[in-house]
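Here is the naming used below: chain letters follow the sequence lines, and residue numbers restart at 1 for every chain.
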Amino acid sequence: MQRFHDLLSEGVRRFLADKGVTDVRPIIQYTRPDFEGDLTVVVFPLAKALRQRPDAVGAVLGEWLVQTVPAVERYEVVKGFVNISFSAEAWRRFLLEALPAAGFFPRAERAERIVIEYSSPNTNKPQHLGHIRNNLLGWSVAAILQRYGHEVYKVNLINDRGIHIAQSMVAWMQFGGGATPESTGKKGDHFVGDYYVRFAKAHKQQQAEGGSEETPIMQAARAVLRRWEAGDLHIRPVWLKMNSWVLDGFAETYGRMGVDFDKTYFESETYLVGKQHVMEGLRQGLFHRKEDGSIWADLTAEGLDQKLLLRSDGTTVYITQDIGTAALRYFDFQMDRSIYVVGDEQQYHFKVLKALLQKMGAPYADAVHHLSYGMVDLPTGKMKSREGTVVDADELMDEMVAQARRLSEELGKVDALSAEERERLYHIIGMGALKYHILRNDPQRRILFDPAESIDFFGVTGPFIQYAHARIHSILRKASGAARPETAAGYAPDGAEVALIRQLYRLYDVFANAVENLSPAPLAQYAYQLAHQFNAYYHDHPVLKAESEPVLHFRLLLLERVAEALRESMGLLGIEMPERM
RNA sequence: GGUCCCGUAGCUCAGCCGGAUAGAGCAUCGGCCUUCUAAGCCGACGGCCGCAGGUUCGAAUCCUGCCGGGACCGCCA
């Protein structure tokens with residue numbers, strides 16, 4: 001079934017062609033709610049081309065559309081706008097025939113291979129709220145692109161080497177006394193993170209005592225790093241062991257969060273590849289070496305600065321590793337597009353990375369796309385792990401689930417469920433609240449998170465939408481059997497019902513917007529609007545006690561589709577939809 | 001010095017690839033549970049869309065300048 005937009009657009013084109021105008025693109029938009037109509041044709045551009053008054057053109061155009069487009073029932077001209085109403089029958093048919101199969105989502109004309117990197121944690125500390133935003137955003141954008149028909153690969157790049165890793169190692173070796181996550185009952189990433197904080201404290205204290213930046217413990221950390229790079233047989237096992245503790249912890253966190261990866265890269269395996277590429281670039285004369293032995297790229301011609309690629313001692317820097325990772329990734333996936341979900345503080349870094357890859361003539365250079373998002377701020381400012389001013393990811397998830405439990409028990413609606421089912425439900429609701437809160441806003445905006453004000457469960461929230469879904473399922477459960485569309489054949493939907501179908505129809509555009517902007521936010525906004533509209537409908541349209549069989553079955557079908565649209569849009573945010581709550 | 005992001009109701013945000021009288025939630029005030037789940041519904045209050053120019057039939061939306069907030073330009077990652 002053709003989309004209403006296309007029907008109108010073609011009608012307007014034919015109207016114009018009839019008058020010898022072919023170079024004007026019809027502007028079709030949704031009619032504002034306070035006017036009667038479904039879609040609106042903006043006639044100003046047409047009036048200009050035809051050199052007539054807008055309202056005059058509008059009237060003729062409206063008449064033309066009613067005559068030539070069967071689904072168009074009425075029109076109304078308001079100033080320079082022609083508001084078109086499609087027949088209730090056309091909308092009913094759309095509900096029956098087009099939804100859900102082709103109606104909800106557009107598909108990519110050409111499937112791309114897309115690699116999306118997100119999360120990219122360091123193995124020296126547990127994840128915090130900032131990681132939550134990254135993880136949820138990355139996972140969701142991947143889901144959206146995949147739904148669009150692209151071939152999407154989710155990858156994680158674990159930062160498992162470097163001075164900060166050496167720091168937790170030193171602290172553990174000096175202060176740990178052989179303790180392990182098992183012996184202390186601590187989750188591995190938190191266990192290691194404690195030593196990272198321990199290091200920072202000891203360093204600070206030694207600084208105060210010694211009166212200098214340089215401290216014994218910092219020297220020890222650098223020594224560990226050097227020994228690690230040399231493959232020292234005493235250091236490597238410690239490194240392996242501590243990393244595995246952290247990775248076990250991460251696996252648990254990812255599992256709860258519901259995010260996953262198709263492949264995991266480790267920086268320890270990619271940094272040398274980057275170094276090789278830099279050396280190769282040096283041979284080709286793309287880069288230059290300074291007297292001290294350090295290697296640089298001159299990007300001033302590209303409007304950027306001089307960029308260090310290898311330190312004077314031959315060790316790699318951040319950008320070197322990313323060069324290596326990009327190469328490996330292309331080897332693995334031959335992607336058309338490579339999306340990096342990384343905070344906006346690194347915009348410059350990715351500009352440089354892209355420019356470098358282009359300079360090196362890498363076939364994957366142009367594919368680099370930095371999906372930059374805003375940081376999560378606390379009322380006290382930016383989160384810093386070292387200073388302990390973070391909202392811990394695991395604790396926050398615990399808190400959200402606990403709050404869902406508290407509220408549910410208070411309301412007492414799910415007492416009939418088994419203890420196991422209830423816990424599962426609390427998880428779904430708590431995570432729903434968290435995910436929605438994080439994903440509902442434009443990714444590039446900063447989010448202010450106030451731990452004192454907990455994330456809400458009322459209003460524009462995940463649970464609000466989940467609740468609407470549960471209400472629908474409550475009705476569907478009580479109805480004996482599924483909706484029988486054929487029984488509904490004779491029914492003409494009323495205004496509220498047409499409005500609801502129109503909202504379902506709109507998901508197509510909302511989704512297209514999400515794809516184009518690599519943003520889950522439009523879907524989140526949409527799901528709320530649909531849920532809200534359903535709630536209002538629910539308020540004054542009885543379903544199970546509908547006045548006749550056709551009405552009953554029409555409404556059942558409508559609600560099935562609403563529930564499905566809610567599930568689809570929220571599913572792309574990684575939010576599960578309970579059937580009761 | 002340069003680059004990027006943000007500025008819309010008391011607060012948190014939609015709308016921004018130009019269209020009609022700028023929308024939600026929270027907060028405040030008021031109404032609705034003997035009828036399919038009140039995590040709900042309905043209403044009231046609340047706006048120089050940061051400021052000034054420009055483009056246009058039409059600007060919150062595009063352009064320029066300014067003001068305010070933030071980020072980045074490291075032999076940290």
For A:R222, the salt bridge (charged side-chain N to carboxylate O under 4.0 Å, His left out) test, sequence neighbours excluded, returns A:E214

Measuring from atom CD of A:E76 to atom OG1 of A:T31, what distance do you get when rounded to the nearest 0.5 angstrom?
9.5 Å

Using a 4.0 Å heavy-atom cut-off, does A:F81 contact any base of the nucleic acid, only the sugar-phosphate backbone, or nothing at all?
base

Which ones in residues 529-538 of chain A lie close to RNA chain B, meaning a heavy atom under 4.0 Å from one of its atoms?
A:H532, A:N535, A:A536, A:Y538

Every protein N/O lying under 3.5 Å from an N/O of nucleotides 5-8 of chain B:
unit_1, atom_1, unit_2, atom_2, d
B:C5, O3', A:Q444, OE1, 2.6
B:C6, OP1, A:Q444, OE1, 2.7
B:G7, OP1, A:R445, NH1, 3.2

What is the separation between atom NE2 on A:H370 and atom P on B:C72, rounded to the nearest whole Å?
13 Å

Indicate, with a heavy-atom threshold strictly under 4.0 Å, whether A:S408 touches base, sugar-phosphate, or nothing.
base

Does the side chain of A:R32 get closer than 4.0 angstrom to OP1 or OP2 of B:G23 through an N or O atom?
yes

Summary of protein contacts for nucleotides 54-63 of chain B, nucleotide by nucleotide, where a base hit scores B, a sugar-phosphate-only hit scores S (4.0 Å, heavy atoms):
---B------

Taking B:C33 as the reference, what is the distance to B:C26 when you measure between their C1' atoms (whole Å, please)?
23 Å

To the nearest Å, give me how far apart CG (A:N441) and C1' (B:C11) are.
14 Å

Taking atom C1' in both B:C5 and B:G50, compute the distance separating them and give it to the nearest angstrom.
16 Å

Just checking, A:R471 and A:Y538: is the charged tip under 6.0 Å from the six-membered ring centre and within 45° of the axis?
yes

When the distance from CG of A:D34 to P of B:A22 is rounded to whole Å, what number comes out?
10 Å

Ignoring hydrogens and angles, are the base of B:A20 and the side chain of A:N83 linked by a donor-acceptor pair under 3.5 Å?
yes

Using 0.5 Å steps for rounding, measure from the CH2 atom of A:W239 to the CZ atom of A:R161.
9.5 Å

For the pair A:T316 (side chain) and A:Y271 (backbone), establish whether a donor and an acceptor sit closer than 3.5 Å, ignoring hydrogens and angles.
no

Whole-angstrom distance between B:A60 and B:C49, as gauged at atom C1':
5 Å

With sugar-phosphate meaning primed atoms plus P, OP1 and OP2, does A:I429 contact a base, only sugar-phosphate, or nothing at under 4.0 Å between heavy atoms?
base

In whole angstrom, give the distance that lies between atom CZ of A:F449 and atom C1' of B:C13.
16 Å

One should report the stems of RNA chain B, each a stretch of at least three consecutive Watson-Crick or G-U pairs at distances under 3.5 Å, as B:1-7 with B:67-73, B:10-13 with B:23-26, B:28-32 with B:40-44, B:50-54 with B:62-66

Using the C1' atom as the reference point in each nucleotide, state the distance between B:C72 and B:A9 in Å, no decimals.
33 Å

B:C72 phosphate, OP1 or OP2: any side-chain N/O from A:K307 under 4.0 angstrom?
no

From B:A71, B:C41, B:G19, nucleotide with atom closest to A:E345 side chain
B:A71

A:R53: what forms a side chain to side chain donor-acceptor pair (under 3.5 Å) with it, not counting sequence neighbours?
A:D55

Can you check whether A:R422's main-chain N or O pairs, donor with acceptor, with A:R405's side chain at less than 3.5 Å?
no

Got A:F35 and A:F81 here, is their nearest side-chain heavy-atom distance under 4.5 Å?
no

Distance, C1' atom - from B:U8 to B:G47, rounded to whole angstrom:
8 Å

Touch class at under 4.0 angstrom, heavy-atom based, for A:T40 against every strand present
base

With the side chain counted from C-beta on, respond yes when A:H541 and A:D494 share a heavy-atom pair under 4.5 Å apart, and no when they do not.
yes

Under 3.5 Å donor-acceptor, A:N134 side chain and A:V341 backbone
yes

Between A:V42 and A:H437, just flag the one whose closest nucleotide in RNA chain B comes earlier from the 5' side.
A:H437

Measure OH/A:Y373 against C1'/B:G70 and give the value in whole Å, please.
16 Å

Nearest to the side chain of A:K351 - B:A77, B:C4, B:C26?
B:C4

Report yes or no: does A:H553 contribute a side-chain atom to a donor-acceptor pair with the main-chain N or O of A:R484 at less than 3.5 Å?
yes

Distance between P atoms of B:U3 and B:G43 (Å, rounded)
49 Å

Give a yes-or-no answer on whether the side chains of A:Y537 and A:R555 include a donor-acceptor pair shorter than 3.5 Å.
yes

Could you check how far CZ of A:F350 sits from P of B:A77, rounded to whole Å?
14 Å

Just to be sure I understand the rule, does A:Y348 reach a base, reach only the sugar-phosphate, or reach nothing, if contact means heavy atoms closer than 4.0 Å?
sugar-phosphate

Would you kindly give the CG-to-C1' distance between A:L448 and B:C11, to the nearest whole Å?
10 Å

Distance-only donor-acceptor check, side chains A:Y148 and A:E516, under 3.5 Å
no

OG1 (A:T315) and CZ (A:R226) are apart, to the nearest 0.5 Å, by 10.5 Å

Rounded to whole angstroms, how far apart are CG on A:D415 and C1' on B:U37?
13 Å

Give A:H473 one of three labels, base, sugar-phosphate or nothing, depending on what nucleic acid heavy atoms sit under 4.0 Å from its own.
nothing

By the 4.0 Å heavy-atom rule, please label A:Q346 as base, sugar-phosphate, or nothing.
base

Using the C1' atom as the reference point in each nucleotide, state the distance between B:C48 and B:G31 in Å, no decimals.
34 Å

Under a 4.0 Å N-O cut-off, is there an ion pair linking A:R567 with A:E576?
no

Is there aromatic stacking of A:Y467 on B:G40 here, judged by a ring-centre distance under 5.5 Å and a plane angle under 30°?
no

Once you apply a heavy-atom cut-off of 4.0 Å, does A:R580 come out as touching a base, just sugar-phosphate, or nothing?
base

Under 4.0 Å from OP1 or OP2 of B:C17: is there any side-chain N or O of A:R25 that close?
no

Backbone N/O of A:I428 and side chain of A:Q466: donor-acceptor pair under 3.5 Å:
yes

Just N and O in the side chain of A:S474: are any of them under 4.0 Å from OP1 or OP2 of B:C36?
no

A:R555 side chain N/O closer than 4.0 Å to the phosphate oxygens (OP1, OP2) of B:C36?
no

Does the A:T320 side chain pair with the main chain of A:V317, one donor and one acceptor, at a distance under 3.5 Å?
yes

So, is B:C32 syn or anti if syn means the angle is within 90° of 0?
anti

Give me the distance, rounded to whole Å, that separates B:C63 from B:C4 when you measure between the P atoms they each carry.
12 Å

Residue met sooner reading RNA chain B from 5', once A:V543 and A:V460 are mapped to nucleotides
A:V460

Side chain of A:I163, heavy atoms from C-beta onward: which of B:U37, B:A20, B:C76 has the nearest atom to it?
B:C76

Work out which heavy atom in A:I455 is nearest to a heavy atom in A:A433; give both atom names and the distance.
CG2-O, 3.7 Å

